[in-house]
Amino acid sequence: MKIFNTLSRTKEEFVPLTPGEVKMYVCGPTVYNFIHIGNARPMIVFDTVRRYFEYKGYHVNYVSNFTDVDDKIIKKAIEEGVDADTISRRYIEECKKDMAAMNVKPATVHPQATQEICGMLDMIRTLIDKGHAYVAKDGTVYFRTASFREYGKLSHKNMDELQSGFRELKVTGEEDKESPSDFVLWKPKKEGEPFWESPWCEGRPGWHIECSVMSKKYLGEQIDIHAGGEDLIFPHHENEIAQSESANDKTFARYWMHNGFLNIDNKKMSKSLGNFFTVREIGEKYDLQVLRFFMLSAHYRSPLNFSAELMESSKNGLERILTAVDRLRDLENTASGDTLTEKELEQQSAARELVAKYEAAMDDDFNTADAISAVFELVKLSNSTAGAESSRAYVEYLKSTIGQLCDVLGIITERREENLDAEVEKLIAERQQARRDKNFALADEIRQRLLDMGIVLEDTREGVKWKRA
């Protein structure tokens with residue numbers, strides 16, 4: 001299995017720290033509102049990475065945090081006249097609902113920044129004692145980037161470039177920095193903000209320190225994979241490396257994985273452009289399995305463009321897979337025979353080649369786009385070879401194989417049970433009676449009424465089946 005490592009900018013063979021185990025940390029959202037579809041991409045991508053490791057037999061310890069203290073959370077709390085904890089707790093729960101709807105598995109641990117303050121204070125003390133951090137006059141604690149010789153190794157920026165860029169970005173209140181590139185580990189409280197006691201001042205942690213501390217607590221001083229969006233490479237992940245490796249005197253993460261940006265109709269997502277969508281808003285138009293399928297339709301490192309046309313294409317592609325599984329399920333109910341015929345053994349061999357093709361794609365830096373292509377080929381094979389004369393053993397093999405490969409992608413092949421309301425049930429019954437009475441004009445009229453309501457009917461040998469349009 002090969003992974004593209006942002007640190008080396010090359011594909012590297014994956015070799016875990018501990019055989020059979022994967023320690024993986026993925027930066028989670030700041031919980032001040034509903035998550036947007038940009039947040040959804042890393043959630044879906046790295047959930048799929050986790051699932052594939054598990055498919056290959058690894059035990060995965062998967063940690064993903066919630067940043068529950070932040071300027072945006074505080075601003076939202078002030079606007080609503082509540083405390084910051086009320087805001088963060090509300091949107092953590094809403095985030096979990098959206099994750100479940102996207103079939104993103106809960107992390108092994110979902111730590112929260114406000115519950116890990118003691119660990120942050122300990123790491124900051126260690127950094128000060130080792131000369132990697134210093135305390136300014138107002139009690140702000142800064143990390144001394146000059147003390148970490150490899151600063152910039154993840155983003156591949158040299159210190160001269162960084163110093164120049166940070167001088168342009170310098171803001172009021174940072175006059176006590178030794179260097180423009182030094183970053184905050186602890187900062188003094190402001191009126192109306194939550195704060196904690198510390199040896200330096202009453203205040204709260206900087207953003208970067210939380211992930212270093214939580215990763216160490218739940219995964220250890222060294223981890224296999226650290227992942228997140230491309231926008232986190234610098235400064236967040238760069239700063240995490242500096243903190244962790246300075247405090248622990250060990251390599252922090254062996255592999256760094258970053259997903260590409262998500263654009264909307266070929267433009268950067270922005271509230272000012274009116275193209276900012278939450279997962280909840282997309283869920284009002286589409287089953288979020290469609291969103292997941294769309295996110296995996298491109299390689300995770302590639303930029304991905306979101307549009308209504310592409311979502312419709314993903315909806316149709318997903319429906320092809322689900323329809324094929326529905327058909328196999330119907331065949332399974334009527335087929336007999338627990339032994340594959342000679343012809344079916346040949347067809348099973350072809351199916352196994354497609355499974356190998358799927359695994360080769362996933363082994364090559366988790367190429368989900370090519371993996372999905374292999375699933376479509378398996379669907380095509382299923383549609384062309386499984387029929388009324390097929391043995392149950394062959395039908396079950398195809399159904400379970402497609403289901404297993406889709407499960408790695410987080411795609412649910414069992415359709416959700418839906419309860420038709422009384423009006424729809426009544427119309428379907430009336431149409432059936434019209435057909436029995438040979439009143440086909442009325443039957444067609446009712447069929448069209450149902451279609452207008454978003455209900456598609458299919459007349460099969462097993463009876464009338466329906467699905468949402």
Side-chain angles (χ1 to χ4, degrees), residues 26-48 64 66-68 70-73 75-77 79-80 82 86-106 110 228-232 259-298 300 302-319 322 368 409-412 415-416 418 421 452-455 467-469:
V26 179
C27 287
T30 300
V31 283
Y32 67 96
N33 210 327
F34 294 106
I35 59 170
H36 54 72
I37 57 174
N39 300 134
R41 190 177 191 191
M43 288 178 179
I44 290 169
V45 163
F46 297 117
D47 174 68
T48 304
S64 185
F66 290 118
T67 296
D68 61 346
D70 177 87
D71 289 344
K72 291 178 180 177
I73 295 172
K75 181 175 182 289
K76 181 85 168 178
E79 289 172 355
E80 293 193 14
V82 297
T86 298
I87 297 296
S88 60
R89 280 190 287 107
R90 177 198 304 163
Y91 289 111
I92 285 172
E93 291 308 309
E94 297 300 335
C95 178
K96 287 180 177 178
K97 290 177 186 176
D98 287 339
M99 290 169 66
M102 294 186 293
N103 199 25
V104 172
K105 295 171 68 173
H110 278 295
E230 185 179 350
D231 56 314
L232 299 181
N259 63 270
F261 288 114
L262 179 72
N263 295 319
I264 310 294
D265 293 322
N266 295 307
K267 296 178 182 178
K268 184 178 179 180
M269 186 167 64
S270 166
K271 287 184 178 178
S272 62
L273 293 175
N275 64 354
F276 182 94
F277 301 111
T278 65
V279 169
R280 197 64 58 89
E281 288 169 334
I282 298 302
E284 293 174 358
K285 299 179 181 178
Y286 297 95
D287 187 314
L288 290 181
Q289 282 277 287
V290 176
L291 179 65
R292 181 168 187 126
F293 193 76
F294 163 75
M295 292 287 186
L296 298 177
S297 65
Y300 76 90
S302 301
L304 182 59
N305 184 53
F306 179 93
S307 69
E309 292 76 16
L310 291 172
M311 281 292 285
E312 284 297 323
S313 176
S314 294
K315 179 182 176 181
N316 293 335
L318 179 59
E319 184 59 32
L322 299 183
T368 55
L409 300 172
I411 300 302
I412 301 168
R415 290 192 192 268
R416 295 181 176 90
E418 294 190 64
D421 60 37
D452 292 342
M453 296 167 66
I455 302 295
K467 63 183 179 181
R468 298 287 183 189

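Between T368 and M295, every side-chain heavy-atom pair lies at or beyond the 4.5 Å cut-off. In this structure, T86 and E80 have side chains that are not in contact, with every pair of non-hydrogen atoms separated by 4.5 Å or more. Counting only heavy atoms from C-beta outward, the side chains of M43 and S64 never approach each other to under 4.5 Å. Contact annotation: the side chain of F306 never approaches that of M269 to less than 4.5 Å [non-hydrogen atoms, C-beta and beyond]. The shortest side-chain heavy-atom distance between I73 and Y91 does not fall under the 4.5 Å cut-off. Using a 4.5 Å heavy-atom cutoff, the side chains of V31 and I87 are not in contact.
Within 6.0 Å of NZ on K105 lie more than 12 heavy atoms contributed by other residues, nucleotides or ligands.
E79 pairs by the salt bridge (Lys or Arg N to Asp or Glu O under 4.0 Å) definition with K75, not counting sequence neighbours. Under the rule for a ring pair (Phe, Tyr, Trp, His ring centres under 6.0 Å), Y286 has no partner lying at least two apart in sequence or in another chain.
Within the structure, salt bridge (Lys or Arg N to Asp or Glu O under 4.0 Å) contacts touching residues 29-41 (residues at least two apart or in different chains) do not occur.
Panel note: side chain Q289, backbone G410; a donor-acceptor pair is recorded below 3.5 Å. Without hydrogens or angle criteria, D98 side chain to C95 main chain gives no donor-acceptor distance under 3.5 Å.
For the side chain to side chain contact (heavy atoms under 4.5 Å, CB included) test with I37, the passing option among I264, L304, T278 is I264; the others fail.
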